[in-house]
2 protein chains.
Amino acid sequence: MTAMIRSRPLVIDAHRDRNVCLHCQARPFSVCSVISDADLERLGAAAVTVTVQPGHTFIQEGDPAEHFFNVTAGTAKLFKLLPDGRRQVTGFAAIGYFLGLAVSSSYAFSAEALDTVRICRFNRPKLRALLDDFPALEKKLLEVASNELVVAQEQMLLLGRKTARERLASFLIARANLLPHCAGHAPDGAKERIHLPMTRSDIADYLGLTIETISRTLSRFKAEQLIEIPNNAEIVVLKHETLDNIATGMT
Amino acid sequence: MTAMIRSRPLVIDAHRDRNVCLHCQARPFSVCSVISDADLERLGAAAVTVTVQPGHTFIQEGDPAEHFFNVTAGTAKLFKLLPDGRRQVTGFAAIGYFLGLAVSSSYAFSAEALDTVRICRFNRPKLRALLDDFPALEKKLLEVASNELVVAQEQMLLLGRKTARERLASFLIARANLLPHCAGHAPDGAKERIHLPMTRSDIADYLGLTIETISRTLSRFKAEQLIEIPNNAEIVVLKHETLDNIATGMT
DNA sequence: CGTGTTATTGATAGATTTCAATCAATGTGG
DNA sequence: CCACATTGATTGAAATCTATCAATAACACG
């Protein structure tokens with residue numbers, strides 16, 4: 001029975017706990033942070049908690065956009081496809097990420113769980129009602145969308161004008177800066193161990209390269225002692241500043 | 001004297017007309033459309049109308065983001081630079097375009113007028129006050145930002161995964177779809193004359209290519225009788241559907 | 001331990017860039 | 001009014017970066 005549930009790609013967690021949101025560990029990182037404790041019950045009532053198994057596509061590009069999502073655990077890759085299968089990963093959604101901002105009637109991208117992903121799901125009418133009642137939430141969403149736009153423009157610069165080496169350095173630096181202790185810059189000697197829940201293929205599709213180029217470039221970084229690769233899912237950044245310079249095209 | 005004024009790159013139009021917004025021809029295309037006629041005076045009071053001369057950079061990446069802009073005439077190119085001068089044009093802002101959505105304290109991109117551009121300028125505190133008073137405006141901004149995000153993702157797919165030929169076809173189709181009469185698709189025989197206020201170099205920087213590749217690819221499209229090039233600033237689309245198929249990688 | 005998946009490494013090919021020359025359009029000054 | 005310079009666009013030839021094709025290697029998992 002347990003095994004059967006595990007194998008289901010998408011599980012709606014049975015809960016009618018009025019306090020799901022209050023104890024949600026994703027709250028400080030997500031749009032929900034603008035909702036006061038008092039109003040949180042209202043939010044929880046509108047949300048459905050879902051667990052998505054690794055590899056499962058829970059948003060399909062072109063499908064009617066019925067839901068909005070908030071990631072509370074795990075990481076998902078967001079991507080678009082061309083008819084012949086070429087893929088562009090447009091981003092990785094981790095804890096706190098709000099998904100589904102498109103006002104269009106259908107999703108503009110697909111989303112697939114990289115590991116076990118937990119999401120908070122809202123349907124359109126309910127979110128709309130929440131937005132009407134909590135202007136702060138709407139403000140927060142605008143803020144989130146604006147930041148997303150800045151990130152998207154940065155990615156366009158990367159995809160349009162950076163070399164493979166610069167792209168990968170940018171990616172590693174961005175990942176390193178996700179680390180909790182890295183509000184500022186890490187000194188060039190300090191080791192930063194970054195976790196990569198995605199495959200080399202996902203990284204390639206994110207950076208507009210091939211898996212071979214990713215592999216070769218990482219090997220070269222290793223040879224230059226800029227990084228260490230303890231295993232496929234982890235990379236240790238040895239020289240943050242040097243990588244940062246490469247990332248911004250200063251070498 | 002007139003010549004002297006003409007030569008100034010940025011001219012603040014002298015006006016204290018309470019009805020500037022009421023008769024603004026950009027209103028139906030811009031965020032202002034959600035403001036009722038009655039409230040429009042309030043909007044006009046917060047805005048400063050500015051004329052920007054061709055070639056002038058009126059937003060500088062990294063500068064403190066003091067203003068928001070709404071384009072009411074002309075076209076501007078938005079771009080980011082790498083230290084060594086490599087440029088990525090992230091978009092073209094024409095009539096109705098709202099600029100400055102980043103919540104950050106500094107601009108994430110630069111903006112340069114391609115032709116004579118007229119903009120409506122708001123400073124941060126005044127726009128914030130407007131947003132507090134008109135929730136519909138905030139809703140509209142969120143809608144605009146969300147749409148921008150969809151466009152940005154589409155552009156990432158283009159930059160990361162499309163060939164030069166596909167990129168240029170995508171660009172031409174997008175331009176053709178801007179034409180007022182093109183709500184739906186134009187039949188493959190109908191001629192669409194698209195206007196290009198930007199140079200080949202701007203197109204190259206927008207599509208992540210070089211000026212030479214743009215030129216070669218356009219020449220090839222012409223040889224294949226998909227387009228005509230009456231002059232550098234205009235292109236006639238002869239076979240919309242064929243170009244559309246190329247754009248989506250279906251050939 | 002096979003076995004299949006994922007990653008690495010090598011050799012070659014190809015698309016686009018780079019370098020270079022020419023052409024066209026526009027403007028300027030003598 | 002016409003040489004001349006300037007800017008933008010086109011076209012050609014060569015170079016380069018990355019992709020593709022191919023073969024191992026490393027790893028995870030039952």
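Throughout, protein chains are lettered first and strands after them, A, B, ... in sequence-line order, and every chain is numbered starting at 1. The shown structure was predicted, so the numbers you read here are calculated from the model rather than taken from an experiment.
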**Request:** Using the six-membered ring of A/F92, assess whether NZ or CZ of A/R175 lies under 6.0 Å from its centre and within 45 degrees of the ring axis.
**Result:** yes

**Prompt:** Which nucleotide span of DNA chain D, 5' end to 3' end, has atoms closer than 4.0 Å to non-hydrogen atoms of chain A?
**Reply:** D/dT18 to D/dC21

**A/R167 or B/R200, whichever maps to the more 5' nucleotide of DNA chain D** = B/R200

**Asked** Could you give the CG-to-C1' distance, from A/L114 to C/dT6, as a whole number of Å?
**Response** 15 Å

**Asked** Is the shortest side-chain N to carboxylate O distance from A/E224 to A/R220 below 4.0 Å?
**Response** yes

**Message:** Nearest 0.5 angstrom please: A/L243 CG to A/I227 CD1, how far?
**Reply:** 7.5 Å

**Message:** Just to be sure I understand the rule, does B/S215 reach a base, reach only the sugar-phosphate, or reach nothing, if contact means heavy atoms closer than 4.0 Å?
**Reply:** base

**Request:** Could you tell me the separation between the CZ atom of A/R220 and the C1' atom of C/dG10, rounded to a whole number of Å?
**Result:** 16 Å

**Item:** Salt bridge flag under 4.0 Å for residues A/E66 and A/R121
**Value:** no

What nitrogen or oxygen pairs link the protein and nucleotides 12-22 of chain C at under 3.5 Å?
| from | atom 1 | to | atom 2 | distance (Å) |
| --- | --- | --- | --- | --- |
| C/dT16 | OP1 | B/A164 | N | 2.8 |
| C/dT17 | OP1 | B/T210 | N | 3.4 |
| C/dT17 | OP2 | B/T210 | N | 3.4 |
| C/dT17 | OP2 | B/T210 | OG1 | 3.1 |
| C/dT17 | OP2 | B/T213 | OG1 | 2.3 |
| C/dT18 | O4 | B/R216 | NH2 | 2.9 |
| C/dC19 | N4 | B/E212 | OE2 | 3.0 |

**Prompt:** Would you say the side-chain atoms of B/D63 pair up with the backbone N or O of B/A65, donor to acceptor, closer than 3.5 Å?
**Reply:** no

**Asked** Got a salt bridge between B/E166 and A/R86, using NZ or NE/NH1/NH2 to carboxylate O under 4.0 Å?
**Response** yes

**Prompt:** Counting only N and O atoms by type, is there a donor-acceptor contact under 3.5 Å from the side chain of B/S219 to the main-chain atoms of B/S215?
**Reply:** yes

**Nearest-0.5 Å distance that lies between atom CG in B/N70 and atom OG in B/S30** = 4.5 Å

**Request:** Round to the nearest Å and state the distance from B/L218 atom CG to C/dA24 atom P.
**Result:** 18 Å

